[in-house]
Amino acid sequence: MATKRYAVTLPEGLAEEVRRKVGPRRFSEYVAGALMRQWKQDRPEGVEAEQREAPPG
């Protein structure tokens with residue numbers, strides 16, 4: 001997957017807690033994962049498509 005650098009503003013305390021938990025090398029990966037989960041939650045059609053593609057059970 002191609003990536004692109006963006007500048008975002010985050011609450012300092014939250015960002016530092018996440019950085020301590022996951023380490024500086026995994027910070028972007030963690031934030032990208034959280035953003036993807038939120039994006040899927042906010043898009044009902046995306047959730048419906050995922051449910052159709054997911055195996056039962």
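Just so you know, these numbers use all the heavy atoms, side chains as well, and skip hydrogens, waters and symmetry mates.
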Undergrad: What's the spacing between Tyr6 OH and Leu35 CG if we round to 0.5 Å?
TA: 10.5 Å

Undergrad: Is the number of heavy atoms from other residues, nucleotides or ligands under 6.0 Å of Gln38 CD greater than 12?
TA: yes

Undergrad: Tell me, please, which residues at least two apart from Phe27 pass side-chain contact (heavy atoms from CB on, under 4.5 Å).
TA: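 Partners of Phe27 by the side-chain contact (heavy atoms from CB on, under 4.5 Å) criterion, ordered by chain and then number, come out as Leu10, Ala15, Val18, Arg19, Val31.
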
Undergrad: Are Trp39 and Tyr30 connected in the hydrophobic side-chain network, where two residues link if heavy atoms are under 4.5 Å apart?
TA: no

Undergrad: Who pairs with Arg26 by side chain to side chain donor-acceptor pair (under 3.5 Å), at least two apart in sequence or on another chain?
TA: Glu29

Undergrad: List in chain and number order the residues that pass side chain to side chain donor-acceptor pair (under 3.5 Å) with Glu17, two or more places apart in sequence or in another chain; answer none if no residue qualifies.
TA: none

